[in-house]
Amino acid sequence: MKIKTIALATVIATAMSAPAMAADWFIGGGVGAQQNTYKGSSQANVDPGFNAQSFKETENNEFYEVRVGAYLNDNNRVYSTYNYNSDDFSRQQSLMLSYDYLVGLGASNKLNWFIGASAGVNHISPDTDELSSKNRFVWGGQTGLMYKINDQLSTEIGYRYLKQDYDVSETTPVPSPTDKIGWTNQASLNDSQQLYLSVDYRF
């Protein structure tokens with residue numbers, strides 16, 4: 001819990017300084033691949049372990065993002081990002097605040113390496129009526145390379161790791177009297193990984 005609090009506090013504090021320090025605002029969008037690893041089980045509500053079924057599945061699908069933010073100076077930027085991802089198990093929509101530190105590679109500073117942190121909220125909608133949608137805290141970090149095409153346009157390729165906090169369990173009730181058996185379904189998403197390409201416009 002301490003790590004989550006520190007990550008969120010750091011990103012928010014940096015983001016709040018943007019209006020006073022910002023030199024260049026930007027807006028952009030990107031597309032990439034997202035990997036989600038799900039775990040779950042389904043078990044009849046009788047003796048523990050009876051007829052229990054477990055699964056672990058990794059989904060690889062595209063995701064899309066739009067973002068808006070500000071370059072505080074040549075080495076610091078903050079931004080807010082909306083992400084959308086859908087796979088065979090769930091649909092995810094996240095809103096995150098991020099901070100990056102940039103290091104110029106070369107005298108021209110056209111190519112920059114960046115590393116940073118992100119924190120926000122992820123809304124997960126399972127592709128089944130047996131599990132409910134949830135809003136969960138998500139946090140992580142990103143790194144990559146950003147290239148300035150000109151004073152207004154830049155593009156980047158990056159990798160982002162997100163620690164998820166999705167764990168849900170629901171029991172299907174069975175009306176009585178009946179000879180049917182109820183079931184308990186459980187699912188969790190521990191983390192996600194993203195590889196993306198984006199383009200930004202400064203103004």
Side-chain angles (χ1 to χ4, degrees), residues 1-36 61-87 90-104 112-125 133-148 152-167 188-203:
M1 189 63 184
K2 282 186 177 180
I3 298 178
K4 293 180 183 179
T5 304
I6 293 172
L8 183 60
T10 301
V11 172
I12 290 177
T14 307
M16 290 178 64
S17 67
M21 300 173 58
D24 294 307
W25 291 89
F26 70 90
I27 187 170
V31 63
Q34 178 166 326
Q35 182 181 88
N36 303 308
N61 293 89
E62 68 276 3
F63 82 96
Y64 307 93
E65 67 175 29
V66 291
R67 61 186 189 175
V68 60
Y71 283 84
L72 308 181
N73 50 48
D74 289 341
N75 300 109
N76 299 274
R77 68 178 180 183
V78 293
Y79 50 97
S80 178
T81 304
Y82 167 79
N83 283 334
Y84 177 85
N85 169 250
S86 180
D87 56 37
S90 71
R91 183 174 68 253
Q92 298 183 50
Q93 300 178 77
S94 63
L95 185 62
M96 295 185 293
L97 287 174
S98 301
Y99 163 78
D100 289 336
Y101 182 77
L102 297 95
V103 178
N112 288 260
W113 169 67
F114 65 87
I115 187 169
S118 295
V121 176
N122 192 25
H123 180 77
I124 301 180
S125 303
S133 301
K134 298 289 184 180
N135 292 318
R136 289 292 184 259
F137 181 74
V138 61
W139 61 280
Q142 62 277 341
T143 186
L145 294 171
M146 184 271 288
Y147 180 77
K148 291 179 63 177
Q152 281 74 46
L153 289 175
S154 63
T155 184
E156 71 183 51
I157 184 171
Y159 167 81
R160 183 182 295 118
Y161 175 85
L162 296 173
K163 181 67 175 177
Q164 301 272 10
D165 192 24
Y166 179 74
D167 193 343
S188 65
L189 173 60
N190 186 58
D191 56 27
S192 298
Q193 300 181 70
Q194 298 175 336
L195 184 64
Y196 66 91
L197 178 67
S198 65
V199 176
D200 294 326
Y201 178 80
R202 299 194 197 192
F203 53 92

Run the numbers on Ser198 and Arg67 for side-chain contact (heavy atoms from CB on, under 4.5 Å), then give the verdict. CA-CA 10 Å; Ser198 65; Arg67 61 186 189 175; 3.3 Å; yes
Going by side-chain hydrogen bond (donor to acceptor under 3.5 Å, both in side chains), name the residues that satisfy it together with Tyr147, two or more places apart in sequence or in a different chain. none
Audit row: Asn61, Ser86, side-chain contact (heavy atoms from CB on, under 4.5 Å) steps and yes/no: CA-CA 7 Å; Asn61 293 89; Ser86 180; over 6 Å; no
For residues Gln34 and Leu162, determine if any side-chain heavy atom of one lies less than 4.5 Å from a side-chain heavy atom of the other. no
Do side-chain atoms of Asn76 reach the backbone of Tyr101 as a donor and acceptor pair under 3.5 angstrom? no
Donor-acceptor contact below 3.5 Å, side chain Asn85 vs main chain Glu62: yes
Return the minimal non-hydrogen interatomic distance between Tyr166 and Arg136, and the atom names on each side. CA-CG, 4.0 Å
How far apart are the closest heavy atoms of Leu97 and Ser80, and which atoms are they? CD2-CB, 4.0 Å
Suppose we screen for side-chain hydrogen bond (donor to acceptor under 3.5 Å, both in side chains). Which residues come up paired with Asn190, at least two apart in sequence or across chains? Lys163
Which residues pass the side-chain hydrogen bond (donor to acceptor under 3.5 Å, both in side chains) test with Tyr161, sequence neighbours left out? Asp191
Donor-acceptor check, side chain of Thr143 to backbone of Phe114, threshold 3.5 angstrom: yes or no? yes
Check the surroundings of atom CG in Asp74: do more than 12 heavy atoms from other residues, nucleotides or ligands lie under 6.0 Å from it? no
How about Gln194 and Glu65: does a side-chain donor come under 3.5 Å of a side-chain acceptor? no
Taking every heavy atom of Ser154 against every heavy atom of Tyr71, the minimum-distance pair comes out as OG-OH, 4.4 Å
Between Ser90 and Ser125, is there a donor-acceptor pair closer than 3.5 Å when you use the side chain of the first and the backbone of the second? no
